[in-house]
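Structure, as structure tokens:
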Amino acid sequence: MKKIGWKKVIVLLVAFFVIFQIAGSFFFYNLAIKRGPKDFLTGNADLKVSAETMDVFLNGDWLDWVDKQEFKEMHMTSRDGVDLMGYYLAAKQPTDKLVILTHGYLGHAKQMGLYGQYYYEELGYNIFLPNARGHGKSGGDYYGFGWPDRLDVMDWTKLLAEEMGPDTQVLYHGLSMGAATVLMASGESLPKQVKAIIADSPYQSVYQLFAYQLNRMFHLPAFPLLDNMSLLTSARAGYSLKEADALSAVQRATVPILYIHGNADTFVPTEMTKELYEKTKSDTELFLVDDANHGEAFVMDQEAYKRKVDEFLEKHWSTSNLSIDLSR
């Protein structure tokens, strides 16, 4: 029986490696970026929240509040032809203040009603809740992880300013993927109406986030699998994992940014936000909530969260047409 030559062995190993990389790229693209159910996150220990938080998420009075509001459905076509939709709710009393609340990965617009209730009822803002591409009633067959979404939120801002008037003052408040979205937008030439940004539980680049999760969930190195997946993402979704980079964007930021993160976050490590805070070019503040896991800060310490937001807005925004009770 002939021995297989070492050259053939090398060729076979290289072929196996290439096939594994190609197959892996498609597998992880379908797993994370292609629109659809994501069962791999079910039961993920890194997303486990307290019983108190879960009760608020599932049974909080904010859900009834959302159901009772008469939202105006709005539609917009993105620059690359995706039909996007969102929900607008005018304030009870006329005001030039508008908050755009951007949700997280696999979420949908009305989940941000948890924060919208506060802005609407306590601060008297107009609120807008957009569905990110690939989510809710918006079109799109992939998730943008903030990169194409940064342009979408800027275009929503321009559209809303046309309806509300050029003197509109806009606050971006994002959660998780929504936080990364508004941070990625901070590096662009923002519409003049945008006055400040609040980023709750953001990640830095999509590549870095995936590298962390690839190691944590699958015990695999980032290179070269993510680099190949990035090429596939670029071909299918129009962006690469490395260019979707909030850390680079905030180094060009011109509006003040408040960072919020839970100190117990293991899904998106708190260190990511600390580095974003340290590298931000514009005025910036950092608020950390002890014992809060990913996206849990608002529920875990709602009074301190609101107080910090109030103080941030009082410091960085015009106080005209804005009433804040700092005694809470």
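Note that CG of Asp155 is 11.5 Å distant from CG of Asp149, once rounded to the nearest 0.5 Å. Rounded to the nearest 0.5 angstrom, Asn131 CG and Gln111 CD are separated by 9.5 Å. Atom CG of Leu159 sits about 14.0 Å away from atom CE of Met154, to the nearest 0.5 Å. The line from CG of Leu171 to CD1 of Ile100 is 9.0 Å long, rounded to the nearest 0.5 Å. Interatomic distance, CZ of Phe26 versus CG of Asn30, reported as 8.0 Å (0.5 Å rounding). Remark: Thr233 OG1 to Glu243 CD distance equals 10.5 Å, nearest 0.5 Å.
Both Leu232 and Leu241 are assigned to one and the same hydrophobic cluster, defined by single-linkage of ILVMFWY side chains at heavy-atom distances under 4.5 Å. Two different hydrophobic clusters hold Val182 and Leu114 under the rule that ILVMFWY side chains link at heavy-atom gaps under 4.5 Å. Follow the hydrophobic side-chain contacts under 4.5 Å out from Tyr203 and you reach Leu226 in the same cluster. With hydrophobic clusters built from ILVMFWY side chains whose heavy atoms lie under 4.5 angstrom apart, Leu288 does not share a cluster with Met300. When the side chains of ILVMFWY residues are joined at heavy-atom separations under 4.5 Å, either directly or via intervening members, Val250 and Val255 end up in a single hydrophobic cluster.
Using a 4.0 Å cut-off between charged side-chain N and carboxylate O, Lys34 and Asp141 make no salt bridge. Taking 4.0 Å as the cut-off between side-chain N and carboxylate O, Lys158 and Glu163 do not count as a salt-bridged pair. Ion pair Glu278/Lys274 not flagged as a salt bridge, since none of the NZ, NE, NH1 or NH2 atoms sits closer than 4.0 Å to an Asp/Glu carboxylate oxygen.
Judged purely by distance below 3.5 Å, without hydrogens or angles, the side chains of Gln208 and Gln204 pair a donor atom with an acceptor atom. Checked by atom type, the side-chain pair Arg133/Tyr143 shows no donor-acceptor distance below 3.5 Å. Using a 3.5 Å distance cut-off with no hydrogens or angles, the side chains of His261 and Asp265 do pair a donor with an acceptor. Glu296 and Thr53 are linked by a side-chain donor-acceptor pair at a separation below 3.5 angstrom, with hydrogens and angles left out of the test.
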Please evaluate residues Met184 and Asp245 with respect to the criterion side-chain contact (heavy atoms from CB on, under 4.5 Å), reporting the C-alpha separation (whole Å), side-chain torsions for both, the decisive distance (0.1 Å), and the verdict.
CA-CA 7 Å; Met184 290 175 190; Asp245 185 359; 6.0 Å; no
Any chance you could lay out the side-chain hydrogen bond (donor to acceptor under 3.5 Å, both in side chains) test for Tyr172 and Thr157, step after step, and finish with the verdict?
CA-CA 10 Å; Tyr172 289 162; Thr157 304; 2.6 Å; yes
The test is salt bridge (charged side-chain N to carboxylate O under 4.0 Å, His left out); show your working for Lys242 and Asp227 and say whether it passes.
CA-CA 9 Å; Lys242 287 185 177 179; Asp227 298 81; 3.6 Å; yes
Between Lys315 and Asp310, is the salt bridge (charged side-chain N to carboxylate O under 4.0 Å, His left out) condition met? List the steps.
CA-CA 9 Å; Lys315 179 179 179 180; Asp310 290 350; over 6 Å; no
Do Leu123 and Leu313 pass the side-chain contact (heavy atoms from CB on, under 4.5 Å) test, and can you show the C-alpha distance, the side-chain angles, and the key distance before you say yes or no?
CA-CA 11 Å; Leu123 298 187; Leu313 296 177; 3.9 Å; yes
Decide side-chain contact (heavy atoms from CB on, under 4.5 Å) for Asn126 and Lys97; before the verdict, give the C-alpha distance in whole Å, the side-chain angles of both, and the deciding distance to 0.1 Å.
CA-CA 6 Å; Asn126 303 290; Lys97 300 296 190 292; 5.6 Å; no
Tell me, with the steps shown, if Arg150 and Glu188 meet side-chain contact (heavy atoms from CB on, under 4.5 Å).
CA-CA 9 Å; Arg150 82 195 192 287; Glu188 305 294 332; 3.0 Å; yes
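Taking the six-membered ring wherever Trp is involved, the centroid distance between the rings of His103 and His135 falls below 6.0 Å. Aromatic ring centroids of Tyr87 and Phe128 lie 6.0 Å or more apart. Trp65 and Tyr120 have their aromatic ring centers within a separation under 6.0 angstrom. For an aromatic pair to be called close, the ring centres must be under 6.0 Å apart, and His173 with Tyr119 satisfies this. Here Tyr239 and Phe145 keep their ring centres 6.0 angstrom or further from each other.
Cation-pi geometry between Arg236 and Tyr29 is met: the NZ or CZ atom falls under 6.0 Å from the ring centre, inside 45° of the normal.
Taking the six-membered ring where tryptophan is involved, the planes of Phe267 and His294 are tilted, since the angle between them lies from 30° to 60°. Between Tyr115 and Tyr305, the ring planes are tilted. Angles from 30° to 60° get that label.
Side-chain atoms of Thr95 and Tyr125, non-hydrogen and from C-beta on, never get closer than 4.5 Å to each other. Two residues are said to be in side-chain contact when any heavy atoms from C-beta on lie closer than 4.5 Å; Leu220 and Leu225 meet this criterion. The shortest distance between side-chain heavy atoms of Val82 and Thr77 does not fall below 4.5 Å. Residues Ser138 and Leu84 form a side-chain contact, since some pair of their non-hydrogen atoms from C-beta on lies under 4.5 Å apart. Residues Gln169 and Gln193 are not in side-chain contact: their nearest non-hydrogen atoms beyond the backbone lie 4.5 Å or more apart. No side-chain heavy atom of Thr168 sits less than 4.5 Å from a side-chain heavy atom of Asp96. Between Lys195 and His316 the shortest side-chain heavy-atom distance does not fall below 4.5 Å. For the pair Ile33 and Met229, the minimum side-chain heavy-atom distance is below 4.5 Å.
Taking every heavy atom of both residues into account, Leu183 and Pro202 meet most closely at CD1-CB, 3.6 Å. Considering every non-hydrogen atom in both Gly144 and Pro148, the closest pair reads O-CD, 3.4 Å. Of all heavy-atom pairs between Ser240 and Ser230, the closest is CB-OG, 3.3 Å. Nearest heavy atom pair, residue Leu214 against residue Pro221, reads CD2-O, 3.3 Å. Ala211 and Ala222 make their closest contact through CB-CB, 3.7 Å (heavy atoms, listed as atom of the first residue, atom of the second, distance). When all heavy atoms are compared, the tightest approach of Tyr259 to Leu276 is OH-O, 3.6 Å.
With hydrogens and angles disregarded, a donor-acceptor distance shorter than 3.5 Å links the side chain of Arg252 to the backbone of Gly187.
For the ring pair (Phe, Tyr, Trp, His ring centres under 6.0 Å) with Phe218, the qualifying choice from Tyr212, Phe28, Phe210 is Phe28, the only one to do so. No option in Thr273, Leu175, Ile198 other than Ile198 meets the side chain to side chain contact (heavy atoms under 4.5 Å, CB included) test with Ile260.
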